[in-house]
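I have placed the structure first, in the form of structure tokens, so that the comments after it can refer back to it.
Scope of the values below: all heavy atoms of this structure, side chains included, with no hydrogens, waters or symmetry mates. Counting from 1, the numbers follow the sequence of the chain as shown.
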Amino acid sequence: MQSHVETFHNFVGGRWVPSAAGETYELHDPADASEAIGRFQGSGVEDARAAIAAAQEAFAAWRSTPAPQRGQALFRAWSLMKERVEEFARTITKEEGKPIADARGEVKRALNVLEFTAGEGRRLLGDTIPSELPKTLIYTQRRPLGVTAVITPWNFPLAIPVWKVAPALVSGNTVVFKPASSTPLTAIALVKVFVDAGLPAGVLNMVTGPGATVGKELATNPSVRAISFTGSTETGRWIYGAASGTLKKVQCEMGGKNAVVVAEDADLDLAVEGVVQGAFGSSGQRCTATSRVVVLKGAKGPFMEKLAARTTSLKVGPGLDARTDVGPLSSREQLDKVMGHIALARKEGARLVAGGRRMAGGHFDGGFYVEPTIFDGVEPGMSIAQQEIFGPVLAVLEAEDMDEAMKLANDSLFGLSGSIYTSDLAKAMKYAEEAEAGMLHINSPTLGGEAHVPFGGLKQSGLGIREQGRRAIEFFTEEVVVYMDYTGKKRDARFI
Ligand code: NAD
């Protein structure tokens, strides 16, 4: 039994403050729900408005700070984060549940994004464009938008906020950041890094609390000029609609149902490793997780044998135990959702070949652990083939040939990432040309991406300009064209 639970605050206008209504909520460790990790502000509309006002006030000075200096602030944040890698990793594991090695990987990704984006302060380039007229200079400028909102999910509580906040700031915007309600501790640690890096008051504000109040206010408040959102397709769709009322710029990265195609000529050991990593790493709670595998008939028997053996060898346990391959789900809500999907798959006639149960006994009783689960005999119409599960559950479908495999892989409303395992160049190229997903992998898992490379999905997985890399700056700036006439004479202005 814990005696004292620390209370954490919002960060508004450079100060740590309680919510106006004084409401708080408590969070617990997903590996052991008897362990409280803190109390956080259950903020409301008033708190969101105060943060927007603070961001608005700070905008003029931040915007006129030279971009390379804004980049320097990000470099200082990068350097401080580098000193705090272990602290960040443990915080992520403590509140989200992922194995500590995955958490360290997430911190590394955040560092890479910060490092790359800091340099963008020296590269906020415009174009010079040749004019149809003599003695006329045409050039473009990239200008910040103003107050921007960053709304993030719980599954990458550090990397996703960083890949939104960093390009927003370096472009000269101010930010109101609303982290997922279940992962505010990592968000607070991130804000502290920026504070210690010397970011001026009001440039970055953070408000914890429900999407229905804080998130809704950010999506509808006329002073917010843009929203960068990552989360479920359902929420993204709502935000897109709500933000249209005030014509905000919107960027949504949403759900996935990512498929791996395994051809007859694939290196099956490599394919099994890739599928297992993709499906069960971070307990399947990645937007790029492998949720479906489409196996060519000729490879099916040996592939399934190897897949089942490798899956049952995975060690499930608390994220802080270095031997753990698969950690708990991040919350009771996630646990209930995933168990519901498993029950539905059984009801619809999919064949369970591994896992399928909540883990019980000993330390498993206190946490939200589910066995890595595989269903074979999945038909395209089943819910397990169509709905995002966001847990350690894999659906196996069989295809006669590559044409059918592509049809099955593309049979989804989502289109985030995908992969093929093959040793045939023609099949790899067919896949690269036809697969309907924003990030394609050949002979590697559906996961991840690099910090300087565009990231995002097609179909109902992504909306708006891509995140990360140089594209991120496009979202957080707008382009202004300047025509400068230096003839000093009156011109014939009969052209359009
Ligand atoms: P979610 O949609 O429930 O919540 C995401 C964020 O939106 C949270 O901060 C939440 O409080 C906020 N929110 C909820 N309702 C809102 C509203 N009406 N207005 C404004 N904000 C609101 O998603 P989640 O459960 O936190 O995250 C899991 C989802 O995120 C999965 O679908 C996953 O695929 C997706 N995801 C996508 C990517 C990607 O890059 N495509 C990356 C990670 C996660």
Side-chain angles (χ1 to χ4, degrees), residues 71 73-121 150 152-170 177 179-180 183 185-194 196-197 230 253 273-274 276-278 280-290 318-327 330 416-417 419 439 441 444-456 466-472:
L74 264 59
F75 268 125
R76 290 194 295 277
W78 170 79
S79 165
L80 288 165
M81 191 182 282
K82 238 177 139 186
E83 289 167 14
R84 301 177 194 175
V85 170
E86 207 48 32
E87 199 181 317
F88 268 107
R90 292 185 77 83
T91 304
I92 292 170
T93 294
K94 197 80 188 149
E95 74 173 352
E96 201 272 351
K98 68 179 69 176
I100 189 76
D102 290 2
R104 289 187 188 115
E106 181 175 349
V107 184
K108 175 79 178 122
R109 175 74 171 272
L111 281 167
N112 291 349
V113 172
L114 264 180
E115 182 196 32
F116 174 81
T117 313
E120 289 295 286
V150 163
T152 53
W154 45 264
N155 67 328
F156 282 97
L158 180 65
I160 294 178
V162 166
W163 80 50
K164 295 175 185 295
V165 168
L169 293 180
V170 83
F177 166 33
T183 52
L185 206 53
T186 311
I188 288 164
L190 174 63
V191 170
K192 284 184 177 155
V193 155
F194 280 112
D196 294 349
T230 298
E253 287 304 335
E273 274 312 308
V276 165
Q277 245 186 53
F280 306 124
S282 292
S283 308
Q285 299 179 126
R286 287 170 163 138
C287 52
T288 54
T290 304
L320 286 176
D321 181 341
R323 293 162 303 176
T324 292
D325 297 309
V326 180
S330 78
L416 189 58
S417 69
S419 160
M439 293 170 290
H441 299 262
S444 58
T446 53
L447 306 174
E450 296 188 24
H452 54 295
V453 178
F455 182 98
R466 290 278 178 270
E467 301 199 81
Q468 298 187 62
R470 308 217 63 193
R471 300 287 186 285

### Query
Any side-chain heavy atom of Gln468 sitting closer than 4.5 Å to one from Arg109?
yes

### Message
One pair to check against side-chain contact (heavy atoms from CB on, under 4.5 Å): Asn112 and His452. What are the steps and the verdict?
### Response
CA-CA 8 Å; Asn112 291 349; His452 54 295; over 6 Å; no

### Summary
Between Thr93 and Ile100 the two heavy atoms that sit nearest each other are OG1-CA, 3.5 Å

### Message
Main chain of Met439, side chain of Ser417: is a donor-acceptor contact present, judged purely on distance under 3.5 Å?
### Response
no

### 4.5 Å side-chain heavy-atom contact, Phe194 and Leu74
yes

### Message
Pair Glu96, Asp102 - check side-chain contact (heavy atoms from CB on, under 4.5 Å), show working.
### Response
CA-CA 11 Å; Glu96 201 272 351; Asp102 290 2; over 6 Å; no

### Query
What pair of heavy atoms forms the shortest contact from Ala451 to Phe116, and how long is it?
O-CD2, 4.4 Å

### Query
Hey, is the main chain of Phe75 close enough, under 3.5 Å, to the side chain of Ser79 for a donor-acceptor pair?
no

### Task
Kindly determine whether Leu185 and Lys94 satisfy side-chain contact (heavy atoms from CB on, under 4.5 Å), including the steps that lead there.
CA-CA 9 Å; Leu185 206 53; Lys94 197 80 188 149; 5.5 Å; no

Enumerate, atom names and distances included, each donor-acceptor pair closer than 3.5 Å involving a side-chain atom of residues 153-163, sequence neighbours excluded.
unit_1 : atom_1 : unit_2 : atom_2 : d
Asn155 : ND2    : Gln285 : O      : 3.1
Trp163 : NE1    : Glu467 : OE1    : 3.3
Trp163 : NE1    : Glu467 : OE2    : 3.3

### Query
Is there a donor-acceptor pair under 3.5 Å between the side chain of Ser330 and the backbone N or O of Gly97?
no

### Query
Can you name the closest pair of heavy atoms from Ala197 and Ala73 and give their distance?
CB-O, 3.7 Å

### Message
Under the rule for salt bridge (charged side-chain N to carboxylate O under 4.0 Å, His left out), what residues qualify as partners of Glu86, not counting sequence neighbours?
### Response
Arg104

### Query
Between Thr186 and Phe88, which heavy-atom pair has the shortest distance, and what is it?
O-CE2, 4.2 Å

### Query
Val276 and Asp325: side-chain contact (heavy atoms from CB on, under 4.5 Å), yes or no, with the steps?
CA-CA 10 Å; Val276 165; Asp325 297 309; over 6 Å; no

